[in-house]
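Letters go in sequence order (proteins before strands), and every chain restarts at 1. For clarity, every value in this text was computed on a predicted model and none was experimentally measured.
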There are 2 protein chains.
Amino acid sequence: MTDLDILAYALNTLAKVDEDDFALSAQYWQRRSYKKGEYYNEYRNVCKYLGFIIDGVFRTYYVDDNTGEEKNVFFFSKNQVVVSFKSFITQTPCNYFTQSMVDSKILYIHIDDLNKLYQQSHKWEHFGRLIAEMAFNVSMNRTESFLFQTPEQRYLQLIEDHPDIFNTIPLYQISSYLGIQGPSLSRIRKRIIGK
Amino acid sequence: MTDLDILAYALNTLAKVDEDDFALSAQYWQRRSYKKGEYYNEYRNVCKYLGFIIDGVFRTYYVDDNTGEEKNVFFFSKNQVVVSFKSFITQTPCNYFTQSMVDSKILYIHIDDLNKLYQQSHKWEHFGRLIAEMAFNVSMNRTESFLFQTPEQRYLQLIEDHPDIFNTIPLYQISSYLGIQGPSLSRIRKRIIGK
DNA sequence: ATTCGATTTTAACTTAGGTTAAAATTATTG
DNA sequence: CAATAATTTTAACCTAAGTTAAAATCGAAT
């Protein structure tokens with residue numbers, strides 16, 4: 001399967017984008033590779049692209065004004081969209097950095113081209129809605145995890161949801177994602193072993 | 001101004017729904033009043049309506065399986081949409097209760113009618129996308145507040161964003177929304193006075 | 001295999017929220 | 001206005017995360 005086939009399949013699953021619909025978009029998709037550490041989008045830049053991860057992992061993080069500490073907001077991995085949702089959706093400057101955590105490969109489309117597709121076809125407008133809905137679900141799951149779960153529960157949940165990530169990225173990135181400090185994650189891990 | 005005028009104005013501001021667009025929808029909007037404590041949507045029900053609050057306040061809350069404790073996820077107030085986003089968007093059973101916290105009055109539209117509008121008009125499909133985007137922003141702000149702010153900072157932020165709510169609803173509802181216990185909010189309030 | 005750097009854990013101490021129950025305050029209503 | 005209910009604060013004690021720095025471990029590269 002080519003990269004475009006993988007994408008076409010994913011879009012069909014996600015938004016019932018069929019062959020003809022996808023054909024409309026084929027000219028717009030571009031390919032790019034990221035070395036570990038390279039940025040998909042940076043602070044204060046408007047996110048103009050919607051990416052689809054062929055391979056790799058990205059993180060979106062916020063830099064605390066006071067402490068300079070980095071806090072991971074989202075992880076994105078293989079066969080998922082990578083985008084700075086709010087910035088992309090509203091075309092306003094981004095508060096975050098989105099960075100490749102390993103060597104990665106994506107297909108991406110420019111917002112202007114996506115808007116052309118929205119104009120051209122109801123199906124693509126529908127896709128646009130689904131992107132926003134997906135963004136919502138991702139954020140909502142995160143909100144719920146903070147509101148309903150302890151850090152320990154969030155950690156166990158993350159293992160369940162993304163066992164893959166743990167082989168790839170360092171634990172201090174995980175603790176940042178969980179909203180706790182490194183030593184706290186160590187203590188949690190120690191506690192869990194005893195269970 | 002009639003209720004419908006208020007709604008038309010809000011939709012125009014939100015999604016550039018003009019007079020003709022709105023006229024398409026006019027037949028579908030219905031009116032309803034809620035006594036304090038009545039439910040907009042209950043746990044396990046699919047949320048089939050999108051509401052617009054003419055007057056009043058609603059809360060969406062989750063009941064903890066283990067403790068039976070209620071945790072407030074969202075507040076909705078005057079001139080805002082009230083809806084159980086995820087359930088409405090995906091038409092799946094809701095994990096939450098959405099309840100009127102004071103006597104309230106809304107206009108609402110059925111999902112089937114909204115879908116008719118999506119079919120009929122690009123502008124309404126656009127509106128559908130904006131609803132999802134708005135849902136995302138609401139949730140994202142909430143995620144960020146948990147990830148970047150202490151309970152004290154969240155409390156101060158809520159005062160700034162919704163000074164109105166504090167006259168209307170009890171503090172224990174606020175503490176639930178902030179993700180802390182009653183006594184903690186009391187301590188925070190005491191701490192703040194000394195500043 | 002050894003060294004250097006990165007990552008993870010540990011330790012010791014501090015801070016703040018959780019828990020439970022009682023007291024104080026505020027609202028409501030007969 | 002008194003009584004009752006609802007809400008908020010306080011107290012006392014517990015638990016877990018924050019903080020800082022040092023130690024231990026792991027990995028990559030020479």
Student: Let me know the distance between CG of L185(B) and P of dG18(C), rounded to the nearest Å.
Tutor: 11 Å
Student: Quick check on contacts: within residues 155-183 of chain B, what sits under 4.0 Å from DNA chain C by heavy-atom distance?
Tutor: G179(B), I180(B), Q181(B), P183(B)
Student: Within less than 4.0 Å of OP1 or OP2 of dA17(D), is there a side-chain N or O belonging to S184(A)?
Tutor: no
Student: Kindly assign one of parallel, tilted or perpendicular to the pair F22(B) and W29(B), based on the angle between their ring planes and the thresholds 30° and 60°.
Tutor: parallel
Student: Output the rounded distance in Å from CD (Q149(A)) to P (dA17(D)).
Tutor: 14 Å
Student: Ignoring hydrogens and geometry beyond distance, is a side-chain donor-acceptor pair present between R189(B) and Y155(B) at under 3.5 Å?
Tutor: yes
Student: To the nearest 0.5 Å, tell me how far F97(B) CZ sits from T60(B) OG1.
Tutor: 11.5 Å
Student: Expressed in angstrom and rounded to an integer, what is the separation of I188(B) atom CD1 from dT9(D) atom P?
Tutor: 11 Å
Student: In whole angstroms, how far is the P atom of dA16(C) from the NZ atom of K190(B)?
Tutor: 14 Å
Student: Return a table of donor-acceptor pairs under 3.5 angstrom between the side chains of residues 8-15 of chain B and protein atoms on other chains or two or more places apart.
Tutor:
from, atom 1, to, atom 2, distance (Å)
N12(B), ND2, V17(B), O, 2.9
T13(B), OG1, Y9(B), O, 2.9

Student: Under 3.5 Å, which N/O atoms of the protein pair with N/O atoms of nucleotides 13-15 of chain C?
Tutor:
none

Student: Looking only at the side chains, is there a donor atom on one of S184(B) and R187(B) sitting less than 3.5 Å from an acceptor on the other?
Tutor: yes
Student: Taking the ring of Y40(B) and the ring of F76(B), is the distance between their centroids below 6.0 Å?
Tutor: no
Student: Given ring pair (Phe, Tyr, Trp, His ring centres under 6.0 Å), test F58(B) with Y34(B) step by step and report yes or no.
Tutor: CA-CA 10 Å; F58(B) 291 79; Y34(B) 291 82; 5.4 Å; yes
Student: Can you confirm if the NZ or CZ of R59(B) lies within 45° of the ring axis of Y96(B) and under 6.0 Å from the centre of its six-membered ring?
Tutor: no
Student: Please give the angle, rounded to 10 degrees, between the axes at the start and the end of the helix from dA1(C)-dT30(D) to dG30(C)-dC1(D), where five pairs define each axis.
Tutor: 30°
Student: Check F146(B) against G179(B) and note the closest heavy-atom contact, atom names and distance.
Tutor: CE2-CA, 4.5 Å
Student: Apply ring-ring contact (aromatic ring centres under 6.0 Å, His included) to H162(A) and list each qualifying residue two or more places apart in sequence or on a separate chain.
Tutor: none
Student: From CE of M101(A) over to C1' of dA6(C), roughly how many Å is that when rounded to an integer?
Tutor: 14 Å
Student: Taking CD from E152(B) and P from dA17(D), how many angstroms apart are they, rounded to a whole number?
Tutor: 20 Å
Student: Could you go through nucleotides 22-30 of chain D and list every protein N or O atom that sits under 3.5 Å from one of its N or O atoms, giving the distance for each pair?
Tutor:
none

Student: With a sphere of 6.0 Å drawn around CZ of R32(A), does it hold more than 12 non-hydrogen atoms of other residues, nucleotides or ligands?
Tutor: yes
Student: Of the options V82(B), D161(B), I165(B), which is the one that meets F75(B) in a side-chain contact (heavy atoms from CB on, under 4.5 Å)?
Tutor: I165(B)
Student: So, does R189(B) get its side chain near the phosphate of dT7(D), meaning an N or O under 4.0 Å from OP1 or OP2?
Tutor: no
Student: Looking at E19(A), I'd like to know if its CD atom is crowded, meaning that more than 12 non-hydrogen atoms belonging to other residues, nucleotides or ligands lie closer than 6.0 Å.
Tutor: no
